Amino acid sequence: VLFFLSYINLVKVEPLHQLKFLHTTLSRRGLEEFFDDPRNWGEKTVKSGDAWNIKQLRGKSSEDLHKLWYVLLKEKNMLLTLEQESKRQLRPMPSPERLEKVEKSMKNIDLVVREREIALRLLQTGHEKPVPGEWRHDFLGRTYWYTYKEWPIPWYLNKRHKRKKFYYLPHVNHFIRLRLEKSLRRRARRQNLERTRRKVLERKFPHLAIKSQSQ
Amino acid sequence: MHPCGRPSSGRWGGRRRGRDTTPPPGSVFVEPIAKEDWKVFRGDTVQVLAGKDAGKQGMVTQVVRARNWVVVEGLNTHYRYVNRTAKYTGTYIASEAPLLLSQISLVDPEDRKPTEVEWRYTEEGERVRVSLRSGRIIPLPLQQRRDGIVPEQWIDGPKDTAVEDALDKTYLPSLKTFEEEIMDAMGIVETRRPKKSYWY
């Protein structure tokens with residue numbers, strides 16, 4: 001770990017007639033941010049506070065959230081380098097719960113921003129989803145939610161899109177019927193199982209039978 | 001290692017009894033108790049009503065809600081060997097077996113006798129456990145955090161935010177999206193127009 005910061009690069013360039021010898025150093029500003037505070041190097045555990053709560057993040061402005069996101073990102077990079085280095089040196093990583101806390105906080109920030117975006121969109125357009133879509137059939141007769149995609153060319157010029165079939169031919173009806181029968185059979189089996197398990201429970205715990213009768 | 005997750009399916013040889021045996025799926029019937037009706041928590045003092053240590057009181061160390069199990073410290077124990085190796089027989093220790101909720105009863109705090117308990121609301125609107133025999137409130141045991149941190153004794157580190165800064169509300173609702181607000185704050189002006197794209 002330490003070799004990285006103390007490495008200085010000296011490059012000698014062949015001098016042309018006018019130029020003198022050129023010395024350049026590797027720009028190493030800010031690389032120390034990939035590593036923890038030097039006082040924590042070699043420790044078995046590092047103390048860390050709680051992750052950011054959604055309730056606390058909901059009261060922060062967009063600027064604050066933006067800054068916090070990058071602070072958390074840099075902390076995550078530092079912890080990931082630490083994790084990789086401990087794997088390389090075959091040693092346990094000190095306090096791996098910090099990584100979970102950082103990821104949880106970043107997920108919470110993402111959730112808060114998404115909530116605000118959805119609220120604004122609902123107000124202005126009445127739609128919840130950022131991308132429009134609709135229910136369509138596929139060539140096997142199944143119904144699924146098709147989300148619209150962004151294309152550079154219109155649909156009548158898009159050869160790949162025209163090959164996709166959003167309809168099914170009449171010979172598929174037989175298989176739709178079979179699929180329906182299968183789902184009905186599974187539902188009946190599940191309901192029967194629940195009924196038999198409930199009967200067994202009522203036999204073992206009679207008070208449940210009395211309660212269900214009174215309700 | 002067995003290919004399935006179960007300890008011993010008996011496919012190759014005998015079935016191991018005792019340690020780490022999971023019952024076959026669908027064979028365990030657990031009395032359904034609603035989440036809000038649950039009365040016993042970790043740290044509670046309970047009295048065992050049935051079994052080897054009937055009549056003794058102890059503290060609950062573990063609760064398994066899925067099976068309605070309660071593990072009481074030092075009671076209903078059986079003995080086993082731990083840390084067995086090829087050469088060493090292992091340490092002989094007492095390990096507690098779980099007790100069902102029906103074999104357990106909560107204890108009145110002053111009487112120290114087993115009572116029936118009900119969830120009721122106080123004058124202030126707080127939900128508390130009340131013993132039916134005497135009407136006394138059984139206080140909830142102290143809930144410690146899983147990471148062992150005690151919030152009252154916490155001192156902030158260099159990377160921790162202070163409590164006032166964390167709870168400080170800086171959000172002003174506006175009709176701008178997150179991206180627009182950031183662009184305003186950083187002084188970014190976008191003059192490029194997006195190219196015509198098609199959505200389908």
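These figures come from a predicted structure and were not determined experimentally. Chain A is the first sequence line, chain B the second, and so forth, proteins listed ahead of strands; every chain is numbered from 1.
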[X] portion near chain B, given a 4.5 angstrom heavy-atom threshold:
| X | result |
| --- | --- |
| L193(A) | neither |
| E75(A) | side chain |
| E97(A) | neither |
| V71(A) | neither |

Report yes or no: is the cationic atom of [X] (NZ for Lys, CZ for Arg) closer than 6.0 Å to the six-membered ring centre of [Y], at no more than 45° off its axis?
| X | Y | answer |
| --- | --- | --- |
| R116(A) | Y171(B) | yes |
| K107(A) | W52(A) | no |
| K196(B) | Y198(B) | yes |

Best-contacting candidate, [options], against chain A by heavy atom pairs under 4.5 angstrom:
| options | result |
| --- | --- |
| K195(B), E179(B), M186(B), R145(B) | R145(B) |
| S102(B), A166(B), S174(B), P158(B) | A166(B) |
| D156(B), T161(B), I149(B) | T161(B) |
| E31(B), K169(B), E181(B) | E31(B) |

Largest heavy-atom contact set with chain B, pairs under 4.5 Å, which of [options]:
| options | value |
| --- | --- |
| D37(A), I153(A), D64(A) | I153(A) |
| E117(A), Q56(A), R197(A) | R197(A) |
| P154(A), G133(A), P152(A) | P154(A) |
| L123(A), D50(A), L65(A) | D50(A) |
| H66(A), K47(A), K60(A) | K60(A) |

Decide if the gap between the ring center of Y200(B) and the ring center of H161(A) is smaller than 6.0 angstrom. yes
Hey, would you say the Y81(B) and Y92(B) ring centroids sit under 6.0 Å apart? yes
L175(B) versus chain A, the contacting section by heavy-atom distance below 4.5 Å: both
Using heavy-atom distances under 4.5 Å, tell me whether D184(B) contacts chain A through its side chain, its backbone, both, or neither. neither
Option passing side chain to side chain contact (heavy atoms under 4.5 Å, CB included) with Q47(B) (candidates V107(B), T115(B), L106(B)): V107(B)
Taking atom types as modelled, find out whether S131(B) and D108(B) have a side-chain donor-acceptor pair closer than 3.5 angstrom. yes
If you round to the nearest 0.5 Å, how far is CZ of R186(A) from CD of E181(A)? 14.5 Å
Salt-bridge test for E115(A) and R58(A): reply yes if a basic N is under 4.0 Å from a carboxylate O, no otherwise. yes
Please state whether the rings of W135(A) and W145(A) are parallel, tilted or perpendicular, taking 30° and 60° as the class boundaries. perpendicular
